[in-house]
Each structure stands twice: as structure tokens, then as C-alpha cells.
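Let me begin by presenting the structure, written as C-alpha cells, before commenting on it.
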Amino acid sequence: MKNKLMKNGDSIIRVLDEKASGVFVIDCIKTTMPYWCEASSVSDYDICSEDELGFIARSEELSAAEKRIMHERYTLIAGILPFVSDEKSRSMMISKVAEQYKVSKQTIRKYLCLYLVYQDISVLAPDKKKDPRELTADEKNIRWALNKFFYTKNKNSLKTAYTMMLKEKYCDSSHNLLPNYPSFYQFRYYYRKHRNLQKFYISRDGLSDYQRNSRPLTGNGIQEFASSVGVGMLDSTICDIYLVNESGGLVGRPILTACIDAYSSLCLGYTLSWEGGVYSLTSLMTNVIANKQEWCKKFGISISKDDWNCNSIPATLVTDMGSEYKSETFEQITELGVSVINLPPYRPELKGTVEKFFDLIQDMYKPYLKNRGVIEIDYQERGAHDYRKDACLTLEEFEKVILRCIIFYNTKRIIDSFPYTEGMITSNVKPYANCIWNYGKSQEGANLINVDYRTLVLTLLPRTAGKFTRFGLKVNKLRYTNNAYTEKFLKGGNVQVAYNPDSAGSVWVIENGNFVEFELIETQYKESTLEEIDKIRDRQNELIRKAQEENLQAKGRC
């Protein structure tokens, strides 16, 4: 009977779970919280079809913005689903989620009940919004007064702000109060309805005090927000080894960037490069969704699908306060429905899973690469050996080593401290990251987002403003065209554009979450980078400037 719809007259229920002592059901009409009852109490109910609920899945019809909101709402309840049948644990998780995301408990219960009734994530998508009501003249005055007199460092009370509003907006030239003016209760009601606590704390106490005393805290451990797969922790580290280029010249120490699932400790993806920053994060996220069997095959390594079965993005990404994670380019990933949590600085214990990953990986390869550029703990001491002289591996050779270490980390490292559930023990889940991950993917609460390579790459490209003209779409001083946009070229106007700094051949206009490709008109620059184009134009302008000087001199001799 589990997950079946049952009907008796006008009443429809869904059986969510069953035990010998009874059944766990939810009222699909009232959409109230589920409850346990005796099996005999539903004996008069008959099994009915999903059509009785009158709900039609509409995932394909949703816009990119609606899908983002849908995934954000599912993120709120994903960690509660494994505990839904235990009222005490469920209530505790709802309280934690409400405090973490600053959402009311009633809102979380509403999303939870909707999902349990319809068993489809698209039910969490927002309804089509009606045009917002325009503010009245009194409401505009109240909003103005709150910003000018209440949300300030003077810390005026609501009563004082109200009095100042009357003086400025509702008095004549003789300072007499006009006949019609809003009451203090209207003023206070508008404030409470539109209250923004973050704005309240920052405007009255200052940003520093807010960061120190009032900002939301994520807790002291990952178990609070990683009760199931779908929470990825991002970080990077400089590897303790010096590498050389193909000709044997010393290059430096590479940067390893990784995404680790907080629940299972599985390495979802990695990238090894000479430079960090936003572009390494783009490479990391494309590696997360890549086919890992094909990826390992490029390095001559053969693995099974279950060894590294990850090709989806975690719906929640946890990062520190690094500039690359706070950049607008990386924040654009939220357009895919991903929630990004920025942890406070100097708190590595809040993302201990990824910190431990780096320690384990480096401890794996160091014993085998001694005297090959590996840095020992005495490298900063006076008179210590210069480990740069030992460097002999290239970046590609070292990546093969790193990849084998990651495969061992995922498939053979024993996780003896994992909090096993009864279901995991029954299913004989081995204490390896990949086994826990594969099991967790099939459980309720798994929160992963499937996205194709093109959409991910385009979403993470840097953006700028473009302008439609008769001569084409102008972006970065270059002209682009698309035959379907003739009217736009004639009308003109500005638009947001995604571009690739390493290839000027195409740009993508962003319309309603979709990317429309425009091709470069100046084909001589098609294979060039933006930096190369700037250099070419600088030399061209210099030639023109010199020719103009010669032209003026020639005119003077005439």
C-alpha cells in the first residue's frame, strides 16, 4: 500500500509508510501534516489513480526562474524527508531549517505537505504571479519615512519616525496637520508587513556589528544541513609539490580544487590547474557533471560506473568567503536552482569534509613522490633543502597520480565514523564513499540537479552589457549578428550578454533564462581571444595615428 492513493467518498489519502502497528497517511484534500493511524481505519478506502488529485506535472513548461525557485523550495524540505514519519525528529528538523534559512515553520510545513501529497517536485513551482498592486500615496510616504527616519544610525523609534513623517508630508505651510493622514497603526502595519531584518540590523547598527552579532549562522557541523546527498562543499589548496613544464623548466605548485559531497564524503569532481579563481570553478563544475568513466579513460585508467557514479550538481553548494566564490560569475549558478551558502571566514571546521579530503589526498601521494619535488615540513626552516631542484613531474603526469588517489579515496577508504542507519545495515552498504553515495542517491531527500554541459558552461560565462544597433549587436567593441533579430537591430536597445574571453567567435544573448547565440561579424578575429584583439587594435590605432601625423605634415607643405 505504500505511496498509494486511496479514496472514500470526498476524502482522499496517500499512504506514505506502513508498519505492523499501523499506516502513515496524509490527507490529500486538507494537505495537513501526515499522521499514524490504525490500518483498520482505512479499510473502507479504495485505491484510486493519481488523476483523482487533478494535478498535472509541468516541469517541462517551467521557465528557468521558476525551476530555480522550485529547486530552492525542495532544498528546504529535502533534509526533512528522511525523518517525516518520526514526529519528534520531523519537528526538530523543521525548526533547524526554519532557523537556518530564515523561513517560517508554517512555510516549510506547507511545502512539505504539498510534496508528500503529489510526490512531484514541480508542485513546488510558484504560481503565475499577478501584476503587483501599485502603492497608494500614503504607502509611498510611509516607505519614504521608514527609509529616511527609521532605517538610520540614529535608531529612531517607530513613533518618532511616524511623527517626523507627519511633519514633512502631512502639514501645511503653517505647520498645521492636514485633515487626512494615516494613523500610527497603519504606519506600524506597513512596517511589519514589509520588514527586512537584515536591513534593520545593518542600517541601525552598521555592517560590522551585523557580521559579528546578528548574521545567520550555519551551525557547528555538517550533519545539520547534510542529512542526505546533495550538499557539495567547495574549496581549493596549493599542492605540496613543485612541477615542471614539458621542456623541464620549473613552473611552480599546482592548485587542486574539489567538490565533496558532505553526506557521503564522495569527491564529486576536481580540477588541477596553475591558477585558481572563477575559471577554475567553471572547470570544476563541468568535471562534476562529466562522465567519470570517459574522463578516467583519457588518463589510461579504467573504472566501473559504480566507482564514481556522479554526473549531477548538488542542489546546495557550501563555500568559504573566497573572492572567487563571492563573484557574480559564480553566483550565476543559482540560476540553475542551486543554493550557495557562504560560510564565515576563518571557520574551516564548518567545511571539514573537504579540508580532510585535501589532507588525505596529499598524504597518499607524498610517500611515493619523495625526491621528486614533494615539499617536506621543514621547507621554511633555515638551511632546509631546496625542493624545487627535485621537480621532475609535469602537470599531466601529476594529474594521473591525483586521479588514482581520488579513486582510492572514493572506493577503498574506510569511513568508520559514518552514522549508519538500520536501512543501510540491512542493505549491506559498505563503508566506502561511493557505496554510501550510491545508496543515498536512491533515498528520499537526495537533492541533485541534472544539467547539460552547454547550459552549465553558458551559465558560468562572464556577462556584460550589449547594445543593438543597425550595424549589429555591439559587445566588447565587436559586432555580432543573428538573422532572427532584424527588428531588434532596427529598434535598438540594451541587453545582457554572456561572452567567452578566450574566444571572440560567439556571444550569447540572455532572454528569459535562455541563451541565444550571435556570431562575430569581423571574421578576422573569429579565432582570437579578447586580449589578442585588444593588442591588434592598439597596434592598428598606433599605425593610424602615425599616418595622420604624416598626412598633416604633407598638407602643411602644399
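All residue numbers in this chain count up from 1 along the given sequence. Here the structure is a predicted model, which is why all the values come from computation and not from measurement. All heavy atoms count here, side chains included; hydrogens, waters and symmetry mates do not.
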Find out whether [X] and [Y] are in side-chain contact, i.e. whether some heavy atom of one side chain is under 4.5 Å from a heavy atom of the other.
X: I361; Y: I402; value: yes
X: L5; Y: I12; value: yes
X: R73; Y: T107; value: no
X: I26; Y: C113; value: yes
X: H194; Y: R143; value: no
X: V84; Y: F24; value: yes
X: L461; Y: F515; value: no
X: V288; Y: C310; value: yes

* Could you walk me through whether E335 and I510 pass the side chain to side chain contact (heavy atoms under 4.5 Å, CB included) test, one step at a time? => CA-CA 12 Å; E335 297 174 7; I510 304 172; 5.7 Å; no
* Derivation of the side chain to side chain contact (heavy atoms under 4.5 Å, CB included) call for T421 and T426 -> CA-CA 9 Å; T421 63; T426 303; over 6 Å; no
Could you tell me the separation between the [atom1] atom of [X] and the [atom2] atom of [Y], rounded to the nearest 0.5 Å?
X: L124; Y: Y115; atom1: CG; atom2: OH; value: 8.5 Å
X: I301; Y: L403; atom1: CD1; atom2: CG; value: 4.0 Å
X: T286; Y: I313; atom1: OG1; atom2: CD1; value: 9.5 Å
X: F187; Y: T163; atom1: CZ; atom2: OG1; value: 9.0 Å
X: R195; Y: F200; atom1: CZ; atom2: CZ; value: 8.5 Å
X: L135; Y: Y190; atom1: CG; atom2: OH; value: 5.0 Å

Please report the closest heavy-atom contact between [X] and [Y], naming both atoms and the distance.
X: C28; Y: L53; result: CB-CD2, 3.7 Å
X: R413; Y: S265; result: NH2-CB, 3.5 Å
X: F83; Y: S227; result: CE1-CB, 4.0 Å
X: P314; Y: C259; result: CG-SG, 4.3 Å
X: F150; Y: N156; result: CD1-O, 3.3 Å
X: I142; Y: Q186; result: CD1-O, 4.2 Å

* Asked: Can you tell which of I414, I415, N438 makes a side-chain contact (heavy atoms from CB on, under 4.5 Å) with Y432?
  -> I414
* Structure fact -> side-chain contact (heavy atoms from CB on, under 4.5 Å) with M233: of D261, L268, T353, T319, only one passes, and it is T353
For [X], does the [atom1] atom have more than 12 heavy-atom neighbours from other residues, nucleotides or ligands under 6.0 Å away?
X: F299; atom1: CZ; answer: yes
X: Y118; atom1: OH; answer: yes
X: K110; atom1: NZ; answer: no
X: E38; atom1: CD; answer: no

* Show your working on side-chain hydrogen bond (donor to acceptor under 3.5 Å, both in side chains) between S122 and D120 and close with a plain yes or no. => CA-CA 5 Å; S122 63; D120 191 303; 2.6 Å; yes
[X]-[Y] side chain donor-acceptor pair, cut-off 3.5 Å:
X: K199; Y: N147; result: yes
X: D306; Y: S304; result: no
X: S11; Y: Y45; result: yes
X: T271; Y: N287; result: no

* Asked: How about F418 and Y263: are their ring centres within less than 6.0 Å of each other?
  -> yes
* Walk me through it: do V451 and I289 pass the test side chain to side chain contact (heavy atoms under 4.5 Å, CB included)? => CA-CA 8 Å; V451 58; I289 67 170; 4.1 Å; yes
* Kindly confirm or rule out a cation-pi arrangement of K159 over F184, judged by NZ or CZ under 6.0 Å from the six-membered ring centre and within 45° of its axis? => yes
Is it the case that the side chain of [X] and the backbone of [Y] share a donor-acceptor pair, with hydrogens and angles ignored and the cut-off at 3.5 Å?
X: K292; Y: A290; result: yes
X: T455; Y: D452; result: no
X: N291; Y: Q293; result: yes
X: S91; Y: E87; result: no
X: Q362; Y: D359; result: no
X: W308; Y: L266; result: no
X: K102; Y: L197; result: no
X: W36; Y: S85; result: yes

* Just say parallel, tilted or perpendicular for the rings of W144 and F149, cut-offs at 30° and 60°. => perpendicular
* Geometric class of the Y191/Y151 ring pair [parallel <30°, tilted 30-60°, perpendicular >60°] -> tilted
* Test: R68 and E72 ion pair at under 4.0 Å -> yes
* To do: Run the numbers on I407 and D307 for side chain to side chain contact (heavy atoms under 4.5 Å, CB included), then give the verdict.
  => CA-CA 8 Å; I407 293 172; D307 286 344; 5.5 Å; no
